[in-house]
Every structure is written in structure tokens, then in C-alpha cells.
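Residue numbering restarts at 1 for every chain, and letters A, B, ... go by the order of the sequence lines. Just so we're clear, the structure is a prediction, and the values are computed from it rather than from any experiment.
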2 protein chains.
Amino acid sequence: MKDPKATGPQSCEDCPIRHRAVCARCETDELEKLEDIKYYRTFEAGQTVIWAGDPMDFVGSVVSGIATLTQTMEDGRRQMVGLLLPSDFVGRPGRDGAAYDVVATTDLVMCCFRKKPFEKMMMETPHIAQRLLEMTLDELDAAREWMLILGRKTAREKIASLLSIIARRDATLQLAGMRGPLVFDLPLTREAMSDYLGLTLETVSRQMSALKRDGVIELEGKRHVTIPDLPRLLEEAGDDADGGMMA
Amino acid sequence: MKDPKATGPQSCEDCPIRHRAVCARCETDELEKLEDIKYYRTFEAGQTVIWAGDPMDFVGSVVSGIATLTQTMEDGRRQMVGLLLPSDFVGRPGRDGAAYDVVATTDLVMCCFRKKPFEKMMMETPHIAQRLLEMTLDELDAAREWMLILGRKTAREKIASLLSIIARRDATLQLAGMRGPLVFDLPLTREAMSDYLGLTLETVSRQMSALKRDGVIELEGKRHVTIPDLPRLLEEAGDDADGGMMA
DNA sequence: CGACATCTTGACTACAGTCAATACTAGTGG
DNA sequence: CCACTAGTATTGACTGTAGTCAAGATGTCG
């Protein structure tokens with residue numbers, strides 16, 4: 001709770017997401033204008049950032065930590081529709097209410113921009129709109145990949161797909177291009193995984209056990225995962241096991 | 001095949017999608033520049049516009065007709081990830097290959113822009129980038145709504161959801177805000193519906209029959225659908241049956 | 001009419017869901 | 001230190017929804 005990491009950077013120059021977030025293409029003078037309308041907010045693991053339908057007077061970027069976007073039906077069925085990692089953008093310029101529940105699944109730091117001035121800046125600053133377009137197109141691709149997973153994959157393939165997505169993003173973010181077994185901590189509970197994959201938590205648990213039994217993954221505790229053989233995992237996910245990289 | 005409608009408009013001024021497509025915000029001079037790099041292409045129902053992975057030297061808008069975006073796994077499982085109606089945009093500036101199969105499900109007219117000059121124009125013309133961002137955000141919302149359908153709804157709810165989406169779009173496009181029963185022709189085969197919904201075509205057929213038996217829909221032939229009671233259909237879809245409108 | 005697409009219906013199966021008991025872990029307080 | 005609790009995860013037994021395989025109906029076009 002008093003983790004010193006759970007606080008914003010001093011200025012944009014030091015910011016860990018400076019070159020990946022919506023501000024990636026901004027020049028120094030543009031950054032200065034952004035600094036005027038930005039502020040940091042922190043959330044503890046489990047806290048709700050905003051509820052679907054609530055008015056939202058900011059947009060912003062995840063600086064550190066992980067958040068989820070979920071949709072809920074009246075009878076309680078839930079579907080996660082987005083997994084937000086550092087540098088991902090939250091909110092939609094031009095819309096007043098939040099469309100989805102946003103929940104911090106780990107301690108979270110967000111860099112928020114007051115919505116009105118941000119919208120104004122977007123009109124005046126092509127660098128921001130261009131970068132936001134690029135990020136939105138990436139998200140759309142991710143959502144479509146997710147549609148294939150949800151619509152056509154088996155429970156086992158779904159789990160393998162989720163693990164490979166997390167492994168891949170983790171590898172990209174921190175230790176790009178290392179050989180050997182991948183190791184990471186799952187940032188999601190079994191329940192969150194089930195919300196993501198359109199499964200029940202029991203099925204998630206069973207398939208995790210099955211993948212462990214079959215040597216596709218190794219588990220230490222509930223969350224610490226080792227992938228001894230990534231191509232094997234990708235094959236289990238039903239993906240092209242070949243060169244398989246992102247664009 | 002020789003339908004006179006299956007050919008492009010003379011100029012942008014006459015264009016039926018002038019005010020909804022990626023060019024919606026363009027001024028007259030901007031339109032003129034676009035005219036220089038645009039050309040029309042027509043496709044017959046069933047034709048493939050482009051295969052996933054193929055190089056793509058254009059981007060463009062659907063002028064009339066309907067196309068689908070689908071993703072296919074090696075073993076043949078297929079998932080539709082987008083339904084393209086008039087004014088929808090195809091292709092991604094900055095990417096060389098097509099990410100998905102694009103197939104015309106009806107006779108189709110597309111307004112294509114040569115990719116390189118279009119990308120250049122996008123950098124110079126904020127009106128285009130702004131509109132494209134807005135459209136991409138809309139598509140992302142639609143994709144996320146689809147994730148809920150794919151991940152959490154029953155077969156019956158999925159069918160009802162698809163029918164209500166088509167009914168709603170149809171109503172918006174042509175006869176906005178009319179009272180009484182909605183009537184439309186399904187632009188999709190049972191197989192395409194199953195690809196959309198992550199079901200088999202047998203299940204689609206069974207649930208269509210069930211909805212008909214229960215009086216939720218009326219069918220004349222295989223494709224002509226009447227919705228006597230839209231709120232009832234929305235309830236079957238698991239959506240809020242209340243005011244339920246789009247943003 | 002006959003051939004082929006598309007669609008419907010039936011019988012059976014299998015995968016994931018449901019309900020329920022039990023295990024593991026971390027935190028709290030006696 | 002241990003007992004107690006609460007949250008999270010695992011496993012088992014059984015059920016039900018949608019998938020599979022197959023036959024037959026409907027519709028369209030040459």
C-alpha cells in the first residue's frame with residue numbers, strides 16, 4: 001500500500017511510458033501543454049476506477065499496474081473486454097459516460113488528463129490524434145483476435161492463448177528477446193481469467209491443472225508460471241507455431 | 001450481375017455515403033484531392049475482396065452492399081470479426097498486408113484509395129484522421145459488444161442479438177424511427193450467421209426455428225424476417241429492454 | 001426435370017457448466 | 001503459537017447445451 005512505485009513520475013521526461021503512450025509523438029512544447037492538464041491518480045488492487053455509465057471527466061494512460069475493462073449483464077454474467085497494461089489508454093474523447101467498468105487488478109498508477117482540455121488539444125495537435133488512432137487500431141486488432149478465441153477455441157486452447165498473450169506482452173515490455181524458458185506472474189485471479197475467456201472459474205482451474213500435468217506449463221504456487229517451451233504453448237493455443245511474431 | 005446500382009456514383013457530391021464515410025468531414029478542396037486517388041471496384045456476391053496476408057495496395061469504403069471480415073484457423077474453424085455496411089472502412093493505413101479475409105456477401109461497390117497517397121493525405125489532412133479515429137472507436141465498441149455475445153450469451157440469445165443488431169442498423173440507415181413491426185431481409189446465410197456467432201449452422205437453424213415457433217420472429221422463406229415486437233426481441237437477446245438506443 | 005446450394009430436423013455425443021465438498025494461503029486475534 | 005476466518009483455488013460427480021453425424025426437405029437455376 002505504501003509502495004513507493006505506486007506514485008507518478010516527477011515529469012514527462014522521466015515517465016516510463018513516455019514513448020509508448022498517447023503522448024509518444026509529442027514534442028517538448030506539446031508535452032508542456034499536456035503537463036498543465038494532467039494529474040496522477042493511484043488505485044489499490046481491487047479498487048474500481050470507474051463504473052460503466054458513470055460520468056467521466058478525464059481520460060488517461062496506465063502508467064504502472066494492470067486494469068481490466070468488463071461488461072456486465074443484468075443477471076450478473078460478466079465478460080472482460082480489455083486488459084490494460086502500462087501505456088494503454090482509458091476513456092473515449094467525445095463521450096461523457098464510461099462504457100465499461102474499469103477495475104485495478106494490481107496497484108495502479110494512472111496519468112489522467114482533464115477531458116475537455118484534452119479534447120481541445122486533440123483538435124489542435126495532430127501528433128496526439130495520430131498516436132491515438134494507431135493505438136486504437138491496435139486495440140481493435142486485439143479485440144478481433146479475442147473474438148476468435150471466444151467464438152471458436154476450446155477451453156484448453158483459450159487458456160493457452162491467454163498465457164501466451166501475457167507471456168508475449170511481458171517479454172516485449174521488459175526483457176525483450178531473451179532465450180530460454182519464460183517466467184512470469186499471472187496478474188489475474190482464476191475468476192478474472194474466466195471473465196476474460198468466457199469460461200467458468202472451475203473450467204479455468206481444471207485446464208490449468210491439465211496443462212501443468214501435461215508439462216506445457218509449470219506452476220509454483222497459484223500465480224507463478226514458467227513456460228519451458230513457448231512453441232509448444234503456441235501449438236496448444238491453436239496459433240501458428242511458426243515464426244509467430246507481432247507486427 | 002448487371003444491376004445498374006452495382007456501379008459507383010459519378011462524383012463525391014452524389015455519393016450516398018458522403019456524410020458517413022471516412023471523408024465525412026472533408027471540405028470541397030479536400031474531396032477534390034481524394035477524387036484524384038480514388039477508383040471504384042465492384043464485386044459479386046460471394047467474391048473474395050482480399051485474402052488475409054495478401055499485400056493490399058488500397059484502403060477504402062463500402063459504398064453499397066455488405067462485406068464480412070473473417071479469420072480462419074489452420075484446421076478450418078472460422079470466426080467473423082466484422083460486418084461491413086455502407087460507409088464502413090476497409091484496410092489499415094500503415095499496414096501492408098490484409099489482416100483478415102474480406103468477402104462480399106452481397107453485390108458490393110467499394111470506393112478505393114491508393115494506399116500510399118492516402119497515407120500521405122492522412123498526415124496532411126486532420127479531417128480525415130479525425131473521422132477515421134471516430135469510426136475506429138465505434139468499431140472497437142462494436143467489437144467489444146461482440147465479445148460479450150461470443151463469451152457469455154446462449155445460442156438463443158446470440159441469434160436474437162444478431163437479429164436485433166441487423167434490425168437496428170437497417171432501421172437507422174433507411175427508415176429512421178418508424179413505428180410498428182420491423183421487416184428486413186437477412187443479408188447472411190445460416191453459415192455466415194454461425195461464423196458470426198461462434199455456433200454451428202445446425203444450431204443457428206434450430207434456434208431460428210425456435211424463435212419462430214415462439215412468435216419472437218416471423219419468417220417468410222429463409223431470409224425475410226419480421227419482428228412484430230422489438231422489445232420482446234431485445235429481451236430475448238439479454239439486452240436492457242428499456243429505452244435501449246445507441247449513443 | 002434434375003442438380004446443387006441451402007436449410008431443417010433428428011438421434012446421439014461430448015465439452016463445459018453447475019453444484020458441492022475440500023484444500024490451500026494469508027491475515028486476525030485470543 | 002495456534003485457532004479461526006475469509007478469500008482463492010482445486011477436484012469430483014452429475015447435468016445440460018451445443019456439437020457432430022446423418023437423412024431429408026426446400027429452393028433456385030440451367
Side-chain angles (χ1 to χ4, degrees), chain A residues 1 44-47 73 75-79 103 105-106 149-163 185-214 217-225 236 238, chain B residues 1-2 44-47 73 75-79 103 105-106 149-162 185-214 217-225 236 238:
Chain A
M1 256 144 268
E44 287 173 31
Q47 257 192 300
M73 295 170 68
D75 61 8
R77 282 177 281 175
R78 288 197 302 163
Q79 177 64 50
V103 179
T105 61
T106 65
I149 292 171
L150 289 172
R152 291 304 186 193
K153 293 195 178 180
T154 64
R156 184 181 175 99
E157 290 169 332
K158 284 178 174 181
I159 299 286
S161 297
L162 177 58
L163 293 174
D185 283 300
L186 270 177
L188 303 173
T189 64
R190 298 289 186 266
E191 186 180 29
M193 291 171 72
S194 72
D195 285 342
Y196 209 148
L197 297 168
L199 297 171
T200 58
L201 112 177
E202 293 94 328
T203 297
V204 170
S205 188
R206 275 187 249 277
Q207 297 299 335
M208 287 289 287
S209 300
L211 288 174
K212 179 181 171 186
R213 173 166 34 73
D214 299 344
I217 61 173
E218 286 157 27
L219 280 176
E220 202 169 336
K222 313 302 184 186
R223 301 290 196 87
H224 194 75
V225 181
E236 292 284 356
Chain B
M1 256 145 266
K2 290 264 176 83
E44 288 173 30
Q47 258 192 299
M73 295 169 67
D75 61 8
R77 280 176 283 175
R78 287 198 303 164
Q79 176 63 50
V103 178
T105 60
T106 65
I149 292 171
L150 290 171
R152 291 303 186 193
K153 292 195 178 180
T154 64
R156 184 181 176 101
E157 288 170 334
K158 285 178 173 180
I159 300 285
S161 297
L162 176 58
D185 282 300
L186 269 178
L188 302 172
T189 63
R190 299 287 187 266
E191 186 180 28
M193 291 172 71
S194 71
D195 285 341
Y196 209 148
L197 298 167
L199 297 171
T200 58
L201 77 98
E202 293 95 326
T203 298
V204 170
S205 188
R206 274 188 249 276
Q207 296 299 335
M208 288 289 288
S209 300
L211 289 173
K212 179 181 172 185
R213 173 167 34 74
D214 300 343
I217 62 174
E218 286 156 28
L219 281 175
E220 203 168 336
K222 312 302 184 189
R223 303 288 198 88
H224 194 75
V225 181
E236 292 283 355

**Q** Is the shortest side-chain N/O distance from B:T203 to OP1 or OP2 of D:dA18 below 4.0 Å?
**A** no
**Q** Would you say the side-chain atoms of A:S205 pair up with the backbone N or O of A:E202, donor to acceptor, closer than 3.5 Å?
**A**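 No: the side chain of A:S205 does not pair with the backbone of A:E202.
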**Q** For C:dA5, is chi within 90° of 0 (syn) or not (anti)?
**A**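 Here the answer is syn: the torsion falls within 90° of 0.
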**Q** Select one nucleotide: of D:dG12, D:dA18, C:dC7, the one nearest the side-chain heavy atoms of B:T189.
**A** C:dC7
**Q** Which one, C:dA16, C:dT9, C:dT8, comes nearest to the side chain of B:K222?
**A**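 Looking only at heavy atoms from C-beta outward on B:K222, the closest nucleotide is C:dT8.
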**Q** Can you tell me how far P of D:dT10 sits from CD1 of A:I159, to the nearest Å?
**A** 10 Å
**Q** A:L201 CG to C:dT18 P: how many Å, rounded?
**A** 11 Å
**Q** Which one, C:dC7, D:dG19, D:dA9, comes nearest to the side chain of B:R190?
**A**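 Nucleotide nearest to B:R190's side chain: C:dC7.
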**Q** Is the base of C:dT25 touched by the side chain of A:R223 through a donor-acceptor pair closer than 3.5 angstrom?
**A** no
**Q** Taking A:K212 for its side chain and A:L219 for its backbone only, find out whether a donor-acceptor pair lies under 3.5 Å.
**A**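 No: the side chain of A:K212 does not pair with the backbone of A:L219.
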**Q** Check whether any side-chain nitrogen or oxygen of B:S209 sits under 4.0 Å from OP1 or OP2 of C:dT9, and answer yes or no.
**A** yes
**Q** What nucleic acid atoms does A:G46 come within less than 4.0 Å of, heavy atoms only: base, sugar-phosphate, or nothing?
**A**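 If one applies the 4.0 Å heavy-atom cut-off, A:G46 turns out to touch nothing in the nucleic acid.
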**Q** By nearest heavy atom, map A:G221 and A:L199 onto DNA chain C; which one lands nearer the 5' end?
**A** A:L199
**Q** Report yes if a donor N or O on one partner sits less than 3.5 Å from an acceptor N or O on the other, where the partners are the side chain of A:E202 and the base of C:dC19; otherwise report no.
**A**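 Yes, the side chain and the base share a sub-3.5 Å donor-acceptor pair.
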**Q** Suppose we define a pair by two distances each less than 3.5 Å, Watson-Crick or G-U wobble; what does C:dA5 pair with here?
**A**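 Base-paired to nothing in any strand shown.
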**Q** In whole Å, what is the span from the CD1 atom of B:I149 to the C1' atom of D:dA18?
**A** 18 Å
**Q** Tell me: CZ of B:R77 to P of D:dG19, nearest whole Å?
**A** 12 Å
**Q** A:M208 CE to D:dT11 P: how many Å, rounded?
**A**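 Value for this atom pair: 11 Å.
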**Q** How long is the line joining CG of B:L219 and C1' of C:dT8, in whole Å?
**A**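 The answer, rounded to whole Å, is 12 Å.
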**Q** What is the distance, to the nearest angstrom, from the CD1 atom on A:I217 to the C1' atom on D:dT10?
**A** 14 Å
**Q** Distance check needed: D:dT8 P versus A:D195 CG, whole Å only.
**A**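 Checked: the CG to P distance equals 12 Å.
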**Q** Could you check whether any side-chain N or O of A:R152 sits under 3.5 Å from a backbone N or O of B:Q79, counting only pairs where one atom can act as donor and the other as acceptor?
**A** no
**Q** Which is true for A:S205 with a 4.0 Å heavy-atom rule: it touches a base, it touches only sugar-phosphate, or it touches nothing?
**A**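 Contact class for A:S205: base.
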**Q** Just wondering, do B:L150 and A:I149 contact through their side chains at under 4.5 Å, heavy atoms?
**A** no
**Q** Test A:K158 against A:Q207 for side-chain contact (heavy atoms from CB on, under 4.5 Å), laying out the working first.
**A** CA-CA 9 Å; A:K158 284 178 174 181; A:Q207 297 299 335; over 6 Å; no
